[in-house]
Structures are given as structure tokens and as C-alpha cells.
Amino acid sequence: MAMTIHVDIVSAEGAIHSGQAEMVYAPGVMGELGIAPRHTPLVTHLKPGDVRVDNGKEMMHFYVSGGILEVQPHVVTVLADTAVRAADLDEAAAIEAKRRAEEALAGQKEQFEYAKAQAELAEAVAQLRAIEKLRKIKKS
Amino acid sequence: MAGAKEIRTKIASIKNTQKITSAMEMVAAAKMRKAQDRKNATRPYADKMRNVIGHLYHAHPEYTHTFMKERDVSRVGYIVISSDRGLCGGLNSNLFRKLVREIRKQQEASIQVDFCTIGSKSLGFFKRFGGKVLAQATHLGDAPHIEQLIGTVKVMLDAYENGEIDRIYVAYNGFVNTMTQDPTIEQLVPIAGQSDQELKHHWDYIYEPDSKEVLDGLLTRYIESLVYQAVVENGACEQSARMVAMKAATDNAGNLIDELQLVYNKARQAAITQEISEIVAGAAAV
């Protein structure tokens with residue numbers, strides 16, 4: 001049997017693939033990489049693209065939208081992103097999250113009143129329940 | 001027979017409520033299993049990442065990233081994770097209670113506190129409680145995705161990098177088992193306990209494009225994955241807490257129905273007895 005290397009492809013939301021391979025191809029930021037067993041240790045970012053795993057019998061394809069590739073002589077780990085990442089995209093997401101917070105806190109006064117009313121209602125219900133209980137105790 | 005009818009309607013209405021609560025219990029039980037699977041699925045990613053970071057850290061002890069550097073604390077940030085919906089017992093309020101105690105302690109040490117909320121309940125809480133909310137994310141659904149969190153986490157990390165906050169904590173409910181949830185507050189940044197593991201094999205990597213950039217990307221993702229893990233774990237807690245709360249509600253409704261049934265029977269008996277005695281008295285009078 002040909003020499004093999006262990007491949008793990010994991011994302012934050014779950015393991016995607018784990019198994020032996022004769023060759024792994026990955027889209028690194030500096031160019032396509034082909035990793036054979038006993039490759040020298042390497043860490044690189046991945047571009048969105050296709051990670052191919054050749055296990056001698058078939059070629060398996062895994063789409064990654066970026067991530068990090070770690071190579072050790074007998075283990076290849078792909079830490080795949082599930083989301084498309086880019087500096088400006090992340091920035092946009094951050095701004096959006098900030099805006100949501102501001103909006104929720106300042107803008108929608110009605111909702112705030114609603115939350116307050118709800119809290120007051122809960123308090124009133126609790127008081128009523130307490131009174132009812134007291135009555136029960138008095139009766140018996 | 002005055003009270004009997006009212007009691008009957010009351011029993012019917014409680015039975016309806018009981019149906020709803022028992023349905024919610026079953027739904028929560030089914031969702032809980034899925035949430036637990038999801039929680040377990042996140043583990044390999046974080047473990048692998050911790051490994052790589054450990055290696056990098058050992059290979060470059062001289063380069064310490066901002067996320068690893070301790071500094072004097074004058075302002076801290078909390079990422080507070082709660083559920084989106086209620087009816088899950090004391091889950092959220094237990095967490096908030098613990099958090100408030102922690103915040104008071106910080107304030108006594110004259111440390112300022114900022115927040116970032118995930119989940120509608122924590123947002124609602126900080127609206128009432130006051131405090132500066134930097135970012136928020138709500139309505140993540142039963143299967144949260146990491147891209148829903150990227151923005152929120154980035155706001156906090158940016159604030160950390162700019163020196164606006166000196167420490168970031170994450171507060172969430174840790175899953176112990178179905179019956180117990182453990183409100184947890186953990187330090188997220190600076191990353192604690194880095195060099196504890198002894199590495200048997202030690203080597204240096206080839207970095208593409210260069211070590212700094214790789215480490216940057218890794219650490220950001222690592223922190224995001226930790227927050228994501230906390231969100232997923234909190235989700236599992238929410239479902240199990242709801243299941244337990246709804247089970248208790250169903251049992252209570254059952255007890256209430258039993259009690260009311262007894263009262264109803266008594267009222268019915270009394271009415272019948274009264275009718276008979278009226279008839280007998282009437283017959284005797286004739």
C-alpha cells in the first residue's frame with residue numbers, strides 16, 4: 001500500500017471529514033498546494049475553493065470558503081470557515097452589530113415600554129398569587 | 001348547583017394549558033438532543049485550533065500577540081449570552097444574577113464595564129439594568145451559525161485592540177446535565193493558560209504568507225469559535241431547562257385538575273342531596 005497521510009477537515013460547526021489520503025490538494029493564499037505524506041510542517045491561510053483529498057481510490061472534493069491549513073508530516077488539518085471572510089465584510093458585520101445595539105437601546109421606545117409593562121405585569125401576577133396563597137392558608 | 005359550572009370551565013381551561021405545556025415539553029426534549037449533538041460537534045475545531053496555537057506559541061515565544069498580553073485593567077467587556085425566548089425556568093435570571101454580582105465587584109474596584117449581548121433576553125435585561133451595550137445579536141434560531149456572531153465578536157475585539165477595554169469575559173450557561181445548568185463566566189481575552197501543555201515534538205512551521213498574519217487569523221477564529229461554542233452550549237441548556245420547566249408545569253396542572261375535580265364532585269353531590277331533600281320534604285308536606 002502506498003504511504004498515506006491523515007486528513008482532518010473540521011469547521012466550527014462540526015467535523016466534515018476524517019480519513020487517510022495519499023495526496024491532499026488545497027487552495028493556499030500563495031497558490032495551490034499539493035501535500036504528500038511527510039510534507040514539511042506548514043501553516044497557511046486558505047482561499048475560498050476546493051480542497052481535494054485523493055485516497056487512492058477516489059478523489060473527494062470539499063468546498064471551503066477560506067480557513068487555515070496546518071500540515072505536519074503525518075497529519076493534515078484543515079480548519080475550514082463556514083462563512084466567507086474578508087476584512088471589509090467583517091467590518092460591515094461589526095458595524096451592523098453596533099447599529100443593532102444602538103437601535104435597540106435608543107430608537108424603539110415602544111418596545112422598551114412593552115418590556116417595562118411586561119415586567120410590571122409579572123410583578124402584579126406574583127403579588128396576586130401570594131395573596132391567594134395567604135388566603136388559602138387562612139382558610140385551612 | 002351554582003359553582004359546578006364555573007369549576008367545570010376552569011378544569012377545561014387548565015386541561016388546555018396542560019396540553020400546551022406537555023407539547024412544549026416534548027418539543028424541547030427533541031430539540032435538546034439536537035442541540036447537544038451540535039455542542040459536541042464544535043469540539044474538534046476548537047481542540048485542533050488550540051493545538052496549532054500551542055505550537056505557534058512555542059515556536060515564537062518572543063512574539064506575543066495583543067490577545068495574549070495581560071495589561072492593567074480599567075475597563076472590561078462582557079459578552080452575555082442568553083436565550084431568545086422565555087418559558088425556560090430560571091435559566092436566564094440565574095445567569096443575570098451571577099453576572100450582576102460580578103459587575104458590582106468590578107465596580108467596587110472602580111473598573112468600568114461594557115456589554116455585548118447575544119439573545120433577546122439579555123438585551124432586554126440590559127435595557128432595564130442600564131449599561132453600555134456595544135453590540136448585539138438576536139434571533140439566532142435553533143441552529144446558530146458562526147457568521148451571525150462574527151460582527152458582534154469583532155466589535156469587542158476591536159475595542160480590545162484599540163485599548164478601550166482591557167479584558168473580555170463571556171457569560172453563558174454551561175451544560176452539566178439535563179437537570180442542571182451552571183451559569184459560567186469565563187475570561188476570553190487575553191487568552192489564559194497558554195503554555196501549560198508540554199509538547200513532545202517541537203518543530204517550526206513554514207508560514208504562508210508570514211507568521212504574524214497566520215497567528216492573527218488563527219486567534220480571531222479561535223475566539224469566535226469559543227463564543228460560538230458558548231452560544232451552542234447555552235442553546236442546549238435552554239432546551240433542557242425548558243423541558244424541565246414544562247414538565248413541572250404539566251405536573252402542576254395535573255395536580256390542579258385533581259383538586260378541582262374533587263371540589264366539583266363535592267358541589268355536584270351537595271346539589272343532588274339538596275334536591276332529594278327538597279323533594280322528600282315536598283312529598284311529606286302533601
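All figures in this text were calculated on a predicted structure; none of them were measured in a lab.
If you measure heavy-atom distances from B/L123 to chain A, the contacts under 4.5 Å come from the side chain alone. Looking at A/V29, the atoms closer than 4.5 Å to chain B (heavy atoms on both sides) all sit in the side chain, from C-beta outward. The part of A/A80 that comes within reach of chain B is its backbone (N, CA, C, O), which places non-hydrogen atoms under 4.5 angstrom from that chain. Proximity to chain B (any heavy atom under 4.5 Å) is restricted, for A/S11, to the backbone atoms N, CA, C and O.
In this structure, the side chain of A/E13 engages the main chain of B/I146 through a donor-acceptor pair within 3.5 Å.
Rounded to the nearest 0.5 angstrom, B/D210 CG and A/H45 NE2 are separated by 9.0 Å. Here B/Q136 contributes atom CD and A/K98 contributes atom NZ; the two are 14.0 Å apart, rounded to the nearest 0.5 Å. Note that CD of A/Q72 and CG of B/N51 are 7.5 Å apart. Values are rounded to the nearest 0.5 Å. B/H139 NE2 to A/R100 CZ: the interatomic distance, rounded to the nearest 0.5 Å, is 10.0 Å.
Side-chain contact check for B/I206 versus A/T40: some heavy-atom pair is nearer than 4.5 Å. Inter-residue side-chain proximity for A/L79 and B/L218 is flagged as met; some heavy-atom pair is nearer than 4.5 Å. Between A/D81 and B/R221 the shortest side-chain heavy-atom distance falls below 4.5 Å.
Heavy-atom minimum distance, B/P44 versus A/V10: CB-CG1, 4.0 Å. Counting all heavy atoms, side chain and backbone alike, A/A97 lies closest to B/G151 at CB-C, 3.9 Å.
Your options are A/V43, A/I95, A/T44, and the one with the most heavy-atom pairs under 4.5 Å with chain B is A/V43.
Within 6.0 Å of atom CZ in B/R85, 12 or fewer heavy atoms from other residues, nucleotides or ligands are found, so the atom counts as exposed in its surroundings. Enclosure of atom CD in A/E58 by more than 12 non-hydrogen atoms of other residues, nucleotides or ligands within 6.0 angstrom is indicated. Around atom NZ of B/K39, more than 12 heavy atoms belonging to other residues, nucleotides or ligands sit under 6.0 Å away.
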